[in-house]
S.K.: 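I'd like to ask some things about the structure below.
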Amino acid sequence: MSSIITIKPVTPYSADFERLREESQALGFNMLNRLSTHWLDGSNLFSAPGEKLLGAFLGNALVGVCGLNRDPYDETPRAGRVRHLYVSHPVRGVGVGQSLLLSVTQQAHEFFDYLNTHAPKNAFRFYQRAGFLPVEAHPRITHRLVFAPSSNA
């Protein structure tokens, strides 16, 4: 397998998505089931301005996914949400998650003032290393990445 990580748009219909979804479910994670369900019922197609769903590939194999949406749990109109970040267990620790997170956050400031996420405890350090700060006392947000104010706002 190639060690070069390629990031490109994906959907639940993409090759290897089902394998990745089954793996995540077997490991006790439900985010790719929710992603697939919401895509198929049309409730979340990652198609609003600034939204995207990206996959990470090693060679031709899909090894991770990550999405960016307007945050449905935050009333602020320019609140974004990092969603459904999952990296295949055998390739964790080689930069796949970092590459995905960087790709979804790279131009997010054009559409969002900050990004929220609801991470499992074992991912707290990952998000904090990426600049996300812990959020206390919110049932649907564990971390937030705040963008510097833009001079053209």
S.K.: From Leu102 CG over to Ile5 CD1, what is the distance, rounded to the nearest 0.5 angstrom?
M.R.: 11.0 Å
S.K.: Just to verify, which of Lys52, Arg81, Glu51 counts as forming a side chain to side chain donor-acceptor pair (under 3.5 Å) with Asn69?
M.R.: Glu51
S.K.: Side-chain heavy atoms nearer than 4.5 Å, only ILVMFWY residues, links allowed to pass through others: does that put Phe57 and Val96 together?
M.R.: no
S.K.: To check you understand the geometry: which heavy-atom pair defines the closest contact between Ala119 and Thr142, and what is its length?
M.R.: N-OG1, 2.9 Å
S.K.: Dump the intermediate steps for side chain to side chain contact (heavy atoms under 4.5 Å, CB included) on Val146 and Asp113, then the final yes or no.
M.R.: CA-CA 6 Å; Val146 178; Asp113 294 332; over 6 Å; no
S.K.: Would you indicate whether the side-chain heavy atoms of His84 and Phe46 approach each other to under 4.5 Å?
M.R.: yes
S.K.: What's the verdict on side chain to side chain contact (heavy atoms under 4.5 Å, CB included) for Phe112 and Arg70, showing C-alpha distance, side-chain angles and the deciding distance?
M.R.: CA-CA 8 Å; Phe112 305 108; Arg70 155 84 185 79; 4.2 Å; yes
S.K.: For the CD atom of Glu136 and the CD1 atom of Ile141, what is their distance to the nearest 0.5 Å?
M.R.: 12.0 Å
S.K.: Sub-3.5 Å donor-acceptor pair from the side chain of Thr37 to the main-chain atoms of Asn33, do we have one?
M.R.: yes
S.K.: Crowded around Glu110 CD? As in, over 12 foreign heavy atoms under 6.0 Å?
M.R.: yes
S.K.: Donor-acceptor check, side chain of Glu23 to backbone of Arg19, threshold 3.5 angstrom: yes or no?
M.R.: no
S.K.: So which heavy atom on Cys66 is nearest to which on Leu85, and how close?
M.R.: CB-CD1, 3.6 Å
S.K.: To the closest 0.5 Å, what do you measure between CZ (Arg34) and OG (Ser43)?
M.R.: 12.0 Å
S.K.: What do you reckon, is CG of Asn122 surrounded by more than 12 foreign heavy atoms closer than 6.0 Å?
M.R.: yes
S.K.: Before you tell me yes or no, could you show the steps for Tyr86 and Val63 under side chain to side chain contact (heavy atoms under 4.5 Å, CB included), namely the whole-Å CA-CA distance, both residues' side-chain angles and the distance that decides it to 0.1 Å?
M.R.: CA-CA 8 Å; Tyr86 180 78; Val63 295; over 6 Å; no
S.K.: Only counting residues at least two apart or in another chain, list the ones meeting ring-ring contact (aromatic ring centres under 6.0 Å, His included) with His143.
M.R.: Phe124
S.K.: Should Val10 and Leu54 count as side-chain neighbours, where that means a heavy-atom distance under 4.5 Å?
M.R.: no
S.K.: Output all residues satisfying ring-ring contact (aromatic ring centres under 6.0 Å, His included) with Tyr127, sequence neighbours left out; order by chain, then residue number.
M.R.: Phe132
S.K.: Checking the side chain of Ser99 only, and the main-chain atoms of Gly95 only, is there a donor and an acceptor separated by less than 3.5 Å?
M.R.: yes
S.K.: Does Leu58 share a hydrophobic cluster with Leu20, counting links as ILVMFWY side-chain heavy atoms below 4.5 Å and allowing steps through other members?
M.R.: no
S.K.: Between Asn116 and Arg144, is any side-chain donor less than 3.5 angstrom from a side-chain acceptor?
M.R.: yes
S.K.: Taking all non-hydrogen atoms of both residues into account, name the closest pair between Asp16 and Ala61 and its distance.
M.R.: OD2-CA, 3.3 Å
S.K.: Grouping I, L, V, M, F, W and Y whenever their side-chain heavy atoms are under 4.5 Å apart, do Leu40 and Leu35 come out in a common cluster?
M.R.: yes
S.K.: Starting at CD of Glu22, measure out to CG of Leu27 and round the result to the nearest 0.5 Å.
M.R.: 12.0 Å
S.K.: Would you confirm whether Arg92, through its side chain, and Val87, through its main-chain N or O, come within 3.5 Å as a donor-acceptor pair?
M.R.: yes
S.K.: Are Leu101 and Leu32 linked, directly or through other ILVMFWY residues, by side chains that come within less than 4.5 angstrom of each other?
M.R.: no
S.K.: Are the side chain of Arg78 and the backbone of His109 linked by a donor-acceptor contact shorter than 3.5 Å?
M.R.: yes
S.K.: Judged by atom type as modelled, is there a donor-acceptor pair below 3.5 Å linking the side chain of Thr117 to the main-chain atoms of Arg83?
M.R.: no
S.K.: For Ala56 and Ile7, work out which heavy atoms get closest and say how close.
M.R.: CB-CD1, 3.6 Å
S.K.: Please determine whether residues Phe147 and Leu68 belong to a single hydrophobic cluster, defined as Ile, Leu, Val, Met, Phe, Trp and Tyr linked transitively by side-chain heavy-atom distances below 4.5 Å.
M.R.: yes
S.K.: Compute whether any side-chain donor of one residue and acceptor of the other, for Asp74 and Tyr114, lie under 3.5 angstrom apart.
M.R.: yes
S.K.: Check the pair Phe17 / Thr11 against side chain to side chain contact (heavy atoms under 4.5 Å, CB included), numbers first and verdict last.
M.R.: CA-CA 8 Å; Phe17 183 88; Thr11 75; over 6 Å; no
